Amino acid sequence: MELHKESDISCSSAAEHYLIELMNEIKIFSPATVANVSCGFDVMGFCLDNVGDEMVIRKIDKKGIYITKVENFDLPFETELNVAGVSALAMYEAIDVDFGFEIEIYKNIKPGSGIGSSAASAVGSVFGMNELIGRPFNKTQLTEFAMKGEALASKCEHADNLAPALFGGFTLVKSIAPLKILQIPSPEDLYATIIHPQIEVKTSESRAILPNEVPLNKAITQWANLGSLIHALHTSDYDLIQDSLNDVVVEPYRSQLIPLFNEVKDVSLKAGALGAGISGSGPSIFTLSKGLEQANKVKEAMQSVYETSEIDFDIHVSKINTQGVKIIG
Ligand code: HSE
């Protein structure tokens with residue numbers, strides 16, 4: 001892979017850059033993300049603000065990639081079986097260095113929650129390593145490495161969670177080969193509310209239930225909605241966002257895996273959400289709202305559904321995070 005200094009990496013001064021190059025250890029925050037955004041299956045995603053994993057990446061004398069700590073969830077320490085390890089190995093194979101890296105993972109995003117748990121791990125390791133070696137790779141190249149880790153979890157290569165985690169904001173994965181990622185503007189007043197019922201839906205399983213073919217009339221509706229969503233985000237047209245957030249292709253199948261999905265969607269829309277849909281492959285459900293107050297009103301409505309059931313849940317209100325993965329120490 002060709003190395004070059006990128007124009008799309010978050011900028012910092014030359015002095016900051018020099019300091020990072022001297023550092024042997026870095027602590028990063030790798031955010032949760034919402035993929036698909038109803039009409040953009042496998043191509044659209046956006047980044048959340050206040051939910052994510054923390055990771056420490058450390059340069060060590062010994063060559064290789066080592067997972068030395070995993071907190072909160074029972075994930076493999078074997079590098080080849082760990083999503084963060086696999087993406088790190090993909091990047092490590094592309095560099096020629098006489099040292100290695102240790103990775104500590106403080107996992108806050110539950111695996112199988114539908115808010116990009118594996119993507120956060122896959123992104124965190126390559127972002128941290130890249131910082132420690134002077135940022136030879138741009139964000140698109142980092143996404144390519146991270147796709148190897150994501151593929152371990154979901155059994156296929158896609159980047160709709162990875163791209164928003166790396167770039168921040170809304171992203172559209174225009175193509176996978178060659179990988180082309182477009183950054184889409186986030187309207188200032190747009191907020192997400194995400195509810196996570198505490199059941200696990202494996203991405204590989206929720207992909208397996210989808211049909212291989214889509215009827216033409218449904219495809220037409222879906223690409224019209226995706227096109228209009230992109231236009232609405234560019235023009236901060238909240239009415240058009242509302243009109244575009246529909247999924248006639250995937251949601252009818254996957255919603256059956258999520259208890260009370262239709263009820264949550266119904267109360268959210270009645271409470272004033274612009275739209276509601278499955279976050280990634282589920283079981284989390286996302287809504288978008290205009291303004292924080294409205295997003296909180298939608299939160300009350302969403303949680304009222306699961307409060308009357310036996311199902312435990314987490315719920316978050318988040319502004320769209322336009323920065324993405326970042327250094328915290
Ligand atoms: N686009 C993916 C899916 C996201 O819905 O299966 C989850 O990895």
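Quick caveat: nothing in here was measured; it's all calculated off a predicted structure. Numbering of ligands and ligand atoms starts at 1, following listing order. Along the sequence shown, the residues carry numbers beginning at 1.
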Any donor-acceptor N or O pair under 3.5 Å, side chains [X], [Y]:
X    : Y    : answer
S279 : S284 : no
K326 : S30  : no
T33  : N161 : yes
E251 : Y253 : no

List, pair by pair, the atoms of ligand 1 and of the protein that are both N or O and lie under 3.5 Å apart, giving the separation rounded to 0.1 Å.
residue  : atom  : partner : partner atom : Å
ligand 1 : 1 (N) : N36     : OD1          : 2.9
ligand 1 : 1 (N) : D42     : OD1          : 2.5
ligand 1 : 1 (N) : D160    : OD1          : 3.4
ligand 1 : 1 (N) : D160    : OD2          : 2.6
ligand 1 : 5 (O) : N36     : ND2          : 2.8
ligand 1 : 5 (O) : R254    : NH1          : 2.7
ligand 1 : 5 (O) : R254    : NH2          : 3.4
ligand 1 : 6 (O) : R207    : NH1          : 2.6
ligand 1 : 6 (O) : R254    : NH2          : 2.9
ligand 1 : 8 (O) : H158    : NE2          : 3.4

Compute the centroid of each ring, for F137 and then for F145, and state whether the two points are separated by less than 6.0 Å.
yes
I320 and G169: which non-hydrogen atoms are nearest, and at how many Å?
CG2-CA, 3.9 Å
